[in-house]
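I have placed the structure first, in the form of structure tokens, so that the comments after it can refer back to it.
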Amino acid sequence: MSADRTVDLVPIGTLPPLGVVPKTMHAWTIRTDRHGEPLKSFREEVVDTPVLGPNEVLVLSMAAGVNYNGVWAGLGKPVSVLDAHKHPFHIGGSDCAGVVWKVGNAVKRWKVGDEVVLHCNQTCGECPSCNGYDPMGCDNQKIWGYETPYGSFAQFTLVQAQQLMPKGKDMTWEEAASYSLDLCTAYRMLVDRAKLRPGETVLVWGGAGGLGTFACQIARLVGAVPVAVVSSAEKAAMAMRFGAAGTINRKDFPGLAYTPNETPERKKQRLDAAKAFGKAFMKAADTGRGPDVVFEHPGQETFPTSVFMAARLGRIVICAATSGFDLAFDVRHLWMRQKQIIGSHFAHAEECWRANDLILKGQIKPCMTAVYAYADIARAHDDMLNNRHMGKLSCLVSAPRTGLKTLSEML
Ligand code: NAP
């Protein structure tokens, strides 16, 4: 569908008339020749505004949430996303709150002017997995803003209509943009994949990070007991505010992190640290055994500890490997004690709606701790790469200042 291109470009922080799509737009792009840390890889450019397909929607991005996938996209590691989608540039951003600005001619559920948040799962909508099983099994499943080129760090973002969800009316644009990716991922991991039950205990790595703060809140809602792993007293306080029953500072356990090619002495030091760490968990959870569920994402450095300390018949649910992808662990702990390792990746639309409903009803709080100006989007990713943040970070895009909640406030 061709857009209504009567306006060439509008400055950041201003809006074109509702429904009028400028020919070009401001965007933060990543290109192959700039792969590296965020301050090098992210650059502000003016690019052509994307053209809509029949089932697609062009959303004016008021604010965009920061996720680790933007860091990976900039680094070009473990793969360059530009090689995957083959577009000359990549606009990151897999979280967004904004306004429907144009709809494709097959879109029925949404109209121009609707205020929305987006989930980041794209699927074909036609295969058997999409129609009756689990859309996360779709062969064409992709993460918008990572495996697709037009994410939310631009004035307009191109999405499938099924990605749209209602935005809470009392929530600012920046807060509404901050939560969807990590909330929905944690929701699927704990509720649908690990099938967490009331009374069970959960070890949450990165308990004051994006995934972790939602994991603690979800575990509490289920009636389980989350214990958060953190790396500072400030992060411990944050995790407690978001529902942790107790915290463990991983810095109190030197030698706990696995590193490849370890010597026998180093291995003994790590196992001793893991045993002490396990005892700290039991104390914090007030239990006599290891965690029923381990919420994993740091990967290489923590995975052997996760498998070792999980309770008999426990589940280790994992969605990432920030510290390294080659995981080593002693498999005897897995089979002798009949533990399960469960892979999980984002969430399908119905799970996202269930999770978003918890936000709309106030049962889960977004854990946004900082808002960056549009000009500071690269710096926001640099803070995330260097673990200088807590909870979720958000960036203004078209919203001219923080605190705004509706389109009408800006017209
Ligand atoms: P985040 O906000 O940076 O939080 C991660 C937390 O993990 C940090 O706050 C840090 O907490 C802890 N951590 C970092 N490195 C660690 C290490 N080596 N050992 C132990 N703990 C460590 O990031 P996030 O948004 O939660 O995302 C975490 C990972 O999950 C990223 O790799 C991201 O790409 C991935 N992810 C995957 C999916 C998916 O669908 N597959 C979805 C969302 C996120 P402390 O320093 O306080 O311990």
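Just so it is clear, the values below take in all heavy atoms, side chains as well, and ignore hydrogens, waters and symmetry mates. Counting starts at 1 for both ligands and their atoms, in listed order.
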So the atoms of ligand 1 within less than 4.0 Å of a heavy atom of Gly206 turn out to be 6 (C), 7 (O), 11 (O), 12 (C)

Note: Arg250, heavy atoms under 4.0 Å from ligand 1, region reported as side chain

Per-atom contacts of ligand 1 with His389, taking only distances under 4.0 Å to non-hydrogen atoms | 1 (P), 2 (O), 3 (O)

Those atoms of ligand 1 less than 4.0 Å from some heavy atom in Trp72 = 32 (O), 34 (O)

Nearest 0.5 Å, what's the OH-NZ distance between Tyr179 and Lys365?
-> 12.0 Å

Can you tell which of Ser231, Ala257, Cys184 gets a heavy atom nearest to atom 46 (O) of ligand 1?
-> Ser231

Quick one: are Pro304 and Arg270 in side-chain contact, heavy atoms under 4.5 Å?
-> yes

Rounding to 0.5 Å, atoms SG (Cys124) and CG (Asn131) come to a distance of 7.5 Å

For atom 27 (O) of ligand 1, find the nearest protein heavy atom and state the residue, atom name and distance (0.1 Å precision).
-> Leu211 CD1, 3.8 Å

Just distances here: any N/O of Cys319 and N/O of ligand 1 closer than 3.5 Å?
-> yes

Counting from 1 in the order shown, the ligand 1 atoms closer than 4.0 Å to a non-hydrogen atom of Lys235 are 9 (O), 11 (O), 45 (P), 46 (O), 47 (O)

Taking only non-hydrogen atoms of Val230 and a 4.0 Å limit, the atoms of ligand 1 in range are 47 (O), 48 (O)

Is a salt bridge present between Asp382 and Arg388, judged by a nitrogen-to-oxygen distance below 4.0 Å?
-> yes

If you scan protein heavy atoms around atom 23 (O) of ligand 1, the nearest is Tyr68 CD1, 4.1 Å

With heavy atoms only and a cut-off of under 4.0 Å, state how His297 meets ligand 1: side chain, backbone, both or neither.
-> side chain

Rounded to the nearest 0.5 Å, the NE2 atom of His297 sits from the CE atom of Met189 at a distance of 7.0 Å

Any N or O of Glu301 that comes nearer than 3.5 Å to an N or O of ligand 1?
-> yes

Going by heavy atoms in the side chains, are Trp72 and Thr322 under 4.5 Å from each other?
-> yes

Using a strict 4.0 Å cut-off to heavy atoms of Ser323, name the atoms of ligand 1 that fall inside it.
-> 18 (N)

For atom 39 (C) of ligand 1, which protein heavy atom lies nearest, and how many Å away is it?
-> His345 ND1, 3.5 Å

Just grab all the side chain to side chain donor-acceptor pair (under 3.5 Å) pairs involving residues 82-97, residues at least two apart or on different chains.
-> Asn67-Asp95, Asn69-Ser94, His85-His90, His87-Tyr150

Do Leu196 and Val202 have side-chain heavy atoms sitting under 4.5 Å apart?
-> yes

re atom 29 (C) of ligand 1, the protein heavy-atom contact at minimum distance is Thr322 OG1, 3.4 Å

Take Phe153 and His381, measure what ring pair (Phe, Tyr, Trp, His ring centres under 6.0 Å) needs, and give me the verdict at the end.
-> CA-CA 12 Å; Phe153 296 128; His381 285 84; 5.1 Å; yes

Consider every N or O of Leu181 and every N or O of ligand 1, then say whether any pair is closer than 3.5 Å.
-> no

Return yes or no for this condition: an N or O of Gly210 is under 3.5 Å from an N or O of ligand 1.
-> yes

Going by an N to O cut-off under 4.0 Å, is there a salt bridge joining Asp330 and Lys267?
-> no

Determine the interplanar angle of the Trp205 and Phe277 rings, folded into 0 to 90°, and report it as parallel if under 30°, tilted if 30 to 60°, perpendicular if over 60°.
-> parallel

Answer yes or no: is there an ion pair linking Arg354 with Asp357, defined by an N-O contact shorter than 4.0 Å?
-> no

shortest atom 4 (O) of ligand 1-to-protein heavy-atom contact is with Gly209 CA, 3.5 Å

Does Asp182 reach ligand 1 with a nitrogen or oxygen that is under 3.5 Å from one of the ligand's nitrogen or oxygen atoms?
-> yes

With Glu45, which residues qualify under side-chain contact (heavy atoms from CB on, under 4.5 Å), at least two apart?
-> Thr29, Arg31, Arg34, Val47

What are the atoms of ligand 1, with element, lying closer than 4.0 Å to any heavy atom of Thr302?
-> 19 (N), 20 (C)

For Phe346, the ligand 1 atoms whose distance to one of its heavy atoms is below 4.0 Å | 39 (C), 40 (O)

Tell me which part of Ala320 gets within contact of ligand 1: side chain, backbone, both or neither, using heavy atoms under 4.0 Å.
-> side chain

Are any of the N or O atoms of Asn387 closer than 3.5 Å to those of ligand 1?
-> yes

Mind listing the closest non-hydrogen atom pair of Ala194 and Arg315 along with its distance?
-> O-NH2, 2.8 Å

Consider every N or O of Ala321 and every N or O of ligand 1, then say whether any pair is closer than 3.5 Å.
-> no

Considering only heavy atoms from C-beta outward, does the side chain of Asn121 approach that of Trp144 to under 4.5 Å?
-> no

List the closest protein heavy-atom neighbour of atom 42 (C) of ligand 1: residue, atom name, distance to the nearest 0.1 Å.
-> Thr185 OG1, 3.2 Å

